[in-house]
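Just below is one structure, and these are the notes that go with it.
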Amino acid sequence: MLTAATSLRRLAQVRDAAEGVRSAYLLRTRLHRLLLSLQRSVASELDLVVLKPCHLEVNEEADPDVRAIIELCNVILRESAHLSQRSEALDERWESAWVGLRERLALLEALIVSATGSTTPSSNVSLGTCT
Amino acid sequence: MGAYMVALYGSAARHENDALSDQDVVVLADQQVKVPFPQSEKLSVSKYSWEELQRMASYGSLFLWHLRREALPVEYNTAGYTAFRRILDGLGEYQFVERDVVAFRESVEDVSGAVELGDTSFEFELASLATVVRHASILGCYLIGSPQFGRYSSVEVFCRSRQLPSKIISDFPAAYSYRMAIARDLPMPRTPTTQEMLMWIRFASRVVEEVSLCSRQPLPFAG
């Protein structure tokens, strides 16, 4: 079950890492924790266990709000991949990546508010390949 | 043709690579310059322009300290080699020590809060703690004037020099295996116990606070 308060707090912590502490390292960890938290809350409805942020497939019959959240999580995970490069110096380039990420997070925030106010996660979710 | 430099660094440059190691390669060249370098699935390539490198040098990037310590040039022209040496030889002190300590401290607090809340996976959280321990140790090694960038050696050198519990050193490879499993899509080790999570929260806090103590002391020459 999605819980708005926790998800929104985690989202605010992501923003603080980027715009307050200004640490790409903290941003990456918090972003992944937010995605993991959202994915786990949906996957748990199917008794599926998600151990790390990964790509989730959602059936078309799933609740539209939940599907939109999970698909957006997939997009954010993919687009933020370079923040997670193993050897990259994180101090460079992350600020330009943050500009796009900030917009995605604003959309995610709106979706969380909408989903948690109107629905429960659907059971039409299946695990894809973790990447 | 513009200046270019291709250099190997990391475990392969230190001759410490194992089955899990990538070959870390940095490519330094401006966007329009085509640089020949071998392709391989094991290569992890980072590419920077000279302008970016200069900017990184302006704040004493630890990545550049890393390159300065162990980079092995493999492909370059004279202009690239000269620029590379000039920038690294003039590298100044790392400017973001305090910010990094804050980030490490908050990372540990985040894990502690997430474990308490229970909406996370212990595997992910232990990987986060192990990453904090590694990166804080790299910073700590820099601060005590013994730069180390190895996967485990940085933790060993820093914890030994600061007389931190030997269990941090002995158990670190197991803790870091969660990070490796997540980053490289390897089979996940068994789920950590709550006791193990609490132990690593304490260990990570201890390492971060020790780094914080070092940051308040005069910086020895870190060359």
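Every chain is numbered from 1 and lettered A, B, ... according to where its sequence line falls, protein lines coming before strand lines.
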(request) Check whether A:Gln39 gets within reach of chain B through its side chain, its backbone, both or neither, counting any heavy atom under 4.5 Å. (result) neither
(message) Suppose we call two aromatic rings close when their centres sit under 6.0 Å apart. Are B:Tyr94 and B:Trp65 close by that rule?
(response) no
(request) Measure distances from B:Leu64 to the heavy atoms of chain A and classify the residue's part below 4.5 Å as side chain, backbone, both or neither. (result) neither
(message) Please determine whether a side-chain nitrogen of the Lys or Arg among B:Glu16 and B:Arg151 lies less than 4.0 Å from a carboxylate oxygen of the Asp or Glu.
(response) no
(message) Quick check on B:His135 against chain A: is it the side chain, the backbone, both or neither that has a heavy atom closer than 4.5 Å?
(response) side chain
(request) Answer with yes or no after comparing the ring centroid distance for B:Tyr48 and B:Phe63 against a 6.0 Å cut-off, counting only values under it. (result) yes
(message) Does any backbone or side-chain atom of B:Ala181 lie under 4.5 Å from a heavy atom of chain A? Answer side chain, backbone, both or neither.
(response) backbone
(request) Could you tell me whether a side-chain N or O of B:Ser154 sits under 3.5 Å from a main-chain N or O of B:Gly150, the two making a donor and an acceptor? (result) yes
(request) Measure B:Thr131 against the heavy atoms of chain A and call it side chain, backbone, both or neither at under 4.5 Å. (result) both
(request) Sort B:Val26 into side chain, backbone, both or neither according to what part of it lies under 4.5 angstrom from a heavy atom of chain A. (result) neither
(request) With rounding to the nearest 0.5 Å, note down the distance linking CD in B:Glu125 to OG in B:Ser107. (result) 10.0 Å
